[in-house]
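Have a look at the structure below before the remarks.
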Amino acid sequence: MTTTILFLLFALVTLAGAIGTVTERKLFHAALWMLLSFFGVAALYVLLEAPFFAAVQLFIYMGAIGILIIFALMLTRGSMREGGPYLNDQWWLVALLAVVLLVVVGWLLWQQYGSVMAVHAVDEGSLVQLGRVLSEQDGYALPFEVASVLLVMALIGAVTIVRER
Amino acid sequence: MDFISDAIVNIGLWLERLLVSAGLAPQAAALVMTIVGTVVVAFFPLLIVVFLIWMYRKASARIGGRLGPNSSGTWAGPGGIVQPIADVIKMFTKEDIRPLGIDPVPYNLAPIIVVASAVMVWAVVPFGKGPRMIGADLGIGLFYIMAFSSASLVAFLMAGWSSNNKYSTVSAFRATAQLLGYEIPQLVAVLCVVVVAGSLRMSAIVDAQQDVILLIALPLPALIFLLASYAEIGSRPFELLECESELVAGYQTEYSGMRWGMFYVGEFMGAVAVSALFATVFLGGWRGPFVDSFPVLGTLWLVLKILFMLLVWTFFQMTLPRLRIDQMLAFNWKFLVPLSLVLLCVLAPLNHWLVRALPGSDYVWARTGILLAANVLVFLGTWAVVAIAERRRTVRPRQVEVSA
Amino acid sequence: MMGVPLAWYLILAAALFCVGLYGVLSRRNAIATVMGVELMLNAVNVNLLAFWRYTEPGGMTGQAFATFVYAVAAAEVAVGLALIVAIYRNRDTVDLDQINLLKW
Amino acid sequence: MTIHTLLPILTALIPLPPFFSFLLIVLFFNRWKRVSHSIAIGAMFISFLMAQVVFWSVIGMGGHALAEHPIHVEIPWLPAGATALTMGVLVDPLGAFTLFFVSITCLCIFLYSVGYMSEGGRHYDPRYSRFFAYISLFATGMLGLTVADNMLMLFIFWEIMGLCSYLLIGFWWEKNYPDPRQITPRQAGLKAFMTTRVGDVIMLLGIAYLYTATGTLSFRQVLNESTLHHLASMASVIPGLSAAALIGLLLFGGTVGKSAQFPLHVWLPDAMEGPTPVSAMIHAATMVSAGVYMAVRMFPLLQVGFDAHHGQLSAPMVAMAVIGTFSAFMAATIAVAQNDIKKVLAYSTISQLAYMVAALGIGAYVAAAFHLVTHAFFKALLFLGSGSVIVGSHHEQDMMKMGGLLKRMPITAITFIIGGLALSGFPILTAGFWSKDEILAAAWSSNQVVFWVLAIGALLTAFYTSRQICLTFLGEPRSDHAAHAHEVSWTVYVPLIVLAVFAAGFGFIGVPEHFPVIGPLINNNLFHHFVGATIGELLPHGEEGFNAVPLLISVLFALTGLVGGWLVYGRRPLAAGQPDPMVRALGPLYPVLKNKYYVDEFYNAVLIQPTIRLARAVYQWVDRGLIDGILHGVAKGSFQAARGNRWFDKTVINGGVDAFVAFFQRLAREARLVLQTGQVQHYLLQVLFFVCAFAALYVILWLRQLGG
């Protein structure tokens, strides 16, 4: 019972954050709403008994990405004139399509997975298992290495793009 | 006698039995107990902070050759013990000025988050032996702590941004650079510990230090962790966030009264958290003599270690000069990060081999010794590298032939 | 009824995704778009972990993929924001309506 | 290697020396005059020797033996379908005699032309060596024709001679005459070539027809009994004529062309524009006689269907008789009215050849052959004599301006007179008498009309010969040229003497046995037996008996002609500038004769002008009108078509395509504006749109599947 309540609570928080991010006129507040949404998601991970991911979520999204976005906001402060429309002119079409998509996909998901319940508990050492999977040869070692290369590339790319000539 | 030996736990049990007997359903009782536990854990750092304020003033005075708070003027209790209370009252009663241009929501939210992130750390710190002496024995204990340390950055940004003045904005930028930068060596240092201790769980780490504290096995990672943590909370050597000479009060400039107090307390809470963390991870947490027989002593030991670390913090605060921003960044990116990575690369395989070669508890000391040796070697290596770099950078005078 | 059916998580993720999508497509400011994208990526993660938790907690594929999504998200934000800042420096605006060179 | 086995090789070699001399002179020794003429004469002398060797070795065999086994060798030459056209040499009695007289006359003329062309060494003609090259080539042609064993080789050498006559007539091609009506050497050469060409074409038709009919051209295979019978029985394309008859007529056409008989004789008098040795050799002795020689050789074919007893002649023989007789009479009449010394001789040649053709026409092919040989000698002599007269009197050709040359050029005069007498058939002494008498005798026995016409011809011949002699040699010189006339050089009068000897003596080998006095004396009509044997077995031997009447008449006519000529011109030699008494005598007839019955004018009017007009008309109408018209029409038409096409292309295709493209371009532009706005969000929106579409589709399918 409590988990349902908790789920609903966290879902509410996440969605509220998301909607806030999307509808907030002031960008800084939008960023804060986003952070709130990330926090909600982290809470969801805890509910899904994936504590490591909750921490990672906090660590990466709240810590790195959120900050980066706020940082970018600060860098491009000049353009944030408050007045004027903050939505472009075909937002209603997008809204419509988004709702349609949500309804369709939601309905399908409800049909498909409505009754699937969490069967067995998660054993404690899932984190160790994850570590092993990521580093084993036949597991996800290669994608893991590629991800690291990707990150280095992103690092160098970002620096070169933004470097003051 | 056994009650006292494990006083806190027993008190807890007693209370619960009291509630159950008072007719609450066991779950409800458990719920109430968890709430009570949370409150207790939350207020524990506050208590330490109050004491810390006094101790900080006394110690820094002594270091500075001053008396510090004393009752020479009016009565301030023995050694000025009442000083913190006076401060608190001052904070509450000071006028709370809010400038017009500020952005209200983040402006108000920032101090709260700072304090919250500091407090959240304590949920994982083991106060004593046994499961009931720890808030939540999370599988990712250490990593959880790391996660929340980044939350403080958000708070600084909000504060810096919302106060709508140049100094706080600049301070926000500096905060981003510093905190994000120093997270990396802190995390890598913690990784070294995790590698040796074998688990992220705080209680497991404390158990690993049963025979020998990790500080002896991993002195270099401990030092890196300490420095990085001080940078995280913006204490003296890296006190660029609200350094008076340049940024008035950094992100705190527009705050006054109680909000500023929150920041002040937040800063101290940060220091306490770092010390607690260091104590738990490197100094063995509640481990100490006689703790097996008298579990209560564990908490005492923990408090003493934390106080000791706070002394070290105060020492750092009072003696070290403030770094320039480029020195700070260079120190991090050019020295700490590479050093910590090297350390990890050396210690991880070494430890992996050691656990294979010298298994079991009777070889603990041997393993510790070898790890210590490795640390010393790495230290000497870095020393040599730094020396070479130093020599190359000094400009030797060039002989220039001056034609007659 | 201890837990919550999987559909709820999936629907939540879908909702989060759609909101993110709306954010991306309707906002005029480039950085708001990046925020939208982040929301969508979070939705994906929620999906992955939900599937992991509900269908095969033993196997690690869900979590592994979630890890990779994090890596990609981080890289994407870094490069995306770098681009936006560069555009800002070039054109003094991040208003997407005015950045319209991506055409024939 | 008896002489007998060598003969075929020897005969084959006869034509070659002159050919090599021709090549040498043309290619190498063109610049040195003396070298070239000595080469020419040397080569001719070698051929002469070989010819004499062959002749004298063959003469011993006797006519019949030679007839059966002539010197004959042949090698396959041109592959023609299954069989190969052969090429070879053949010497039969007729061939032998022809070789004999041809080689002698050619040698004398070669020698004579040295003196003539260099005017006794004083003035060499600029193209002196080229002259000798041409006549060497001509000698090759004549000798080759004589030894040829098949019609094709005969025709080839025939054409070579035609070419040489054209080259030699037009030798002084740059000479022009003020009087436009007087024909220049160039025009004369062309005229000669064209006219003989007409004859040759007809002859070629005959050869072709012969080849298609019999499949072979070799004389021995054609002229044997079975082939002739086969040809006689074959019907030809022209109804009423057998194949043999038609072939005979066509071949006779060649003879008419080459030997200048009536319709095609116009070129011979004009051929006198060439140097005199040429006239002598080509237009008197050899080339023109080649036509008759070919007719004689092919006589068995021509006479197929001839029945001596019933006097029924075969078609070709009828033609020959008619044309021969008429040509003889016509030429003789014209000769009387000519003042140019060479023209007179030219017309006399036409008439003498006509005599031979007439003889063939009435079946006396032996008499024709005999007259052919004798005529060659005395006509060559006359021409060379006139040549020396011309050179001696500094190129004076008009008899009216000559006279009194007897004293100035005695040798030439005497030899000329001997030749003249031979021509007019002075009884017994001259060769001409024996041969002409033979013909008249044959004519008497076969056809009276032919006989009388030929007799009158003989009379006229005698008259104009004595006229010529008296005008040139007797009386007083009528111009200073003639006054200073003198003998030229030994190279000129030696050949004259040699020919004079032959002109006089040669006749005696053909005296018929039953001749009153001399016949039994010689008692060996060598010529008759020898040459007669060529086709002896084919010809019935009818006329054995001797008949005095034709003999008397011929003698009488010859003498009257001579005396008449002397009376008119010899007794009172004309003074300078005095008109020819004949003008007054003949009155209106004289201009007709003078102008050669206006035959030239007639041809000009009938043939040449119409063809020119036709050509111009054709040019105007066909070439300009039709062809150019078509061309320009096509050009214009294509231009119009092109313009139409361009219009079509521009409006329909370009227009259409452009419209089509424009439509799609506008469509694309619209789409581009709508779809490609450049804003990222619009693109993502499009993606979203499709995602939703697919989702909806998925749901629909899902529902139907559920429902279904």
Side-chain angles (χ1 to χ4, degrees), chain A residues 3-4 7 11 14-15 18-19 21-22 27 30-31 34 37-38 41 44-45 48-50 53 56 60 64-65 68-69 72-73 75-76 78-79 86-88 91 94-95 98 101-102 105-106 109-110 113-118 120 122 129-130 133-134 140 143 147 150-151 154 157-158 161-162, chain C residues 1-8 10-12 14-16 18-23 25-29 31-32 34-36 38-39 42 45-46 49-50 52-55 57 60 63-64 66-68 70-75 77-79 81-86 88 92-97:
Chain A
T3 49
T4 350
F7 171 77
T14 319
L15 281 182
I19 290 167
T21 322
V22 160
L27 272 179
M34 185 177 73
S37 158
F38 290 158
V41 167
L44 278 175
Y45 290 159
L48 285 170
E49 290 168 43
F53 280 93
V56 162
I60 293 184
I65 294 181
L68 255 182
I69 288 179
L73 269 177
L75 278 177
T76 60
S79 76
Y86 72 105
L87 291 174
N88 56 27
W91 63 273
V94 171
L101 188 64
L102 178 59
V105 169
L109 291 175
W110 181 257
Y113 297 102
S115 59
V116 173
M117 294 304 287
H120 29 66
V122 171
Q129 234 178 348
L130 176 64
V133 157
L134 284 181
Y140 291 89
L150 175 74
L151 285 174
I161 290 173
V162 183
Chain C
M1 225 271 276
M2 215 277 286
V4 169
L6 178 59
W8 290 28
L10 300 182
I11 289 169
L12 170 70
L16 196 61
C18 289
V19 166
L21 186 66
Y22 172 75
L25 292 186
S26 64
R27 291 297 290 237
R28 190 182 283 277
N29 186 305
I31 297 176
V34 170
M35 289 191 215
E38 289 316 313
L39 285 180
N42 271 2
N45 269 353
V46 165
L49 287 174
W52 166 72
R53 174 66 186 82
Y54 276 78
T55 51
M60 278 297 132
Q63 293 204 351
T67 324
F68 297 137
Y70 275 113
V72 165
V77 161
V79 173
L81 290 180
L83 281 175
I84 289 171
V85 166
Y88 173 70
D92 280 342
T93 167
V94 278
D95 180 353
L96 281 180
D97 286 353

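All values below were derived from every heavy atom in this structure, side-chain atoms included, with hydrogens, water molecules and symmetry-related copies excluded. Order of the sequence lines fixes the chain letters, A, B, ..., with proteins taken first and strands second; residue numbering starts at 1 for each chain. A quick note: this is a predicted structure, and the numbers were derived from the prediction, not measured.
For the set A73(C), C18(C), A50(C), G23(C), the entry with the most heavy-atom pairs within less than 4.5 Å of chain A is C18(C). Residue with the most contacts toward chain A among A32(C), A86(C), A74(C), A64(C): A64(C) (heavy-atom pairs, distance under 4.5 Å). Counting heavy-atom pairs closer than 4.5 Å to chain A, the top residue among L16(C), L39(C), N42(C), L10(C) is N42(C). Here I65(A) is the residue among V41(A), I65(A), L15(A) with the most heavy-atom pairs under 4.5 Å with chain C. For the set I69(A), V133(A), V105(A), the entry with the most heavy-atom pairs within less than 4.5 Å of chain C is I69(A).
For I60(A), the part lying under 4.5 angstrom from a heavy atom of chain C is the side chain only. Both the backbone and the side chain of Y22(C) come within contact range of chain A, with heavy atoms under 4.5 Å apart. Heavy atoms closer than 4.5 Å to chain A are found in the side chain of L81(C), but not in its backbone. For chain C, the nearby part of S37(A) is the side chain; its heavy atoms alone come within less than 4.5 Å. Heavy atoms of A11(A) lying under 4.5 Å from chain C belong to its backbone as well as its side chain. Only the side chain of D97(C) comes within contact range of chain A, with at least one heavy atom under 4.5 Å from a heavy atom of that chain.
With values rounded to the nearest 0.5 angstrom, Y70(C) atom OH is found 14.0 Å from L151(A) atom CG. The CZ atom of F53(A) lies 3.5 Å from the OG1 atom of T67(C); values are rounded to the nearest 0.5 Å. Considering CG of L49(C) and CG of L44(A), their distance stands at 10.0 Å, rounded to 0.5 Å. Within the model, atoms CD1 of I31(C) and CG of L73(A) stand 4.5 Å from one another, a figure rounded to the nearest 0.5 Å.
Considering all non-hydrogen atoms of both residues, A78(C) and L68(A) come closest at CA-CD1, 4.2 Å. A pairwise comparison of heavy atoms in A50(A) and Q63(C) identifies CB-NE2, 4.2 Å as the closest pair. Contact between L27(A) and M35(C) at its shortest, heavy atoms only, is O-CE, 3.8 Å. Looking at every heavy atom in both residues, N45(C) comes nearest to Y45(A) through CB-OH, 2.8 Å. Across all non-hydrogen atoms, the minimal contact from I19(A) to V19(C) is N-CG1, 3.9 Å. Here the closest heavy-atom approach between residue R53(C) and residue L48(A) is recorded as CD-O, 3.2 Å.
Screening V22(A), L101(A), V94(A) against L21(C) for a side-chain contact (heavy atoms from CB on, under 4.5 Å) leaves a single residue, L101(A).
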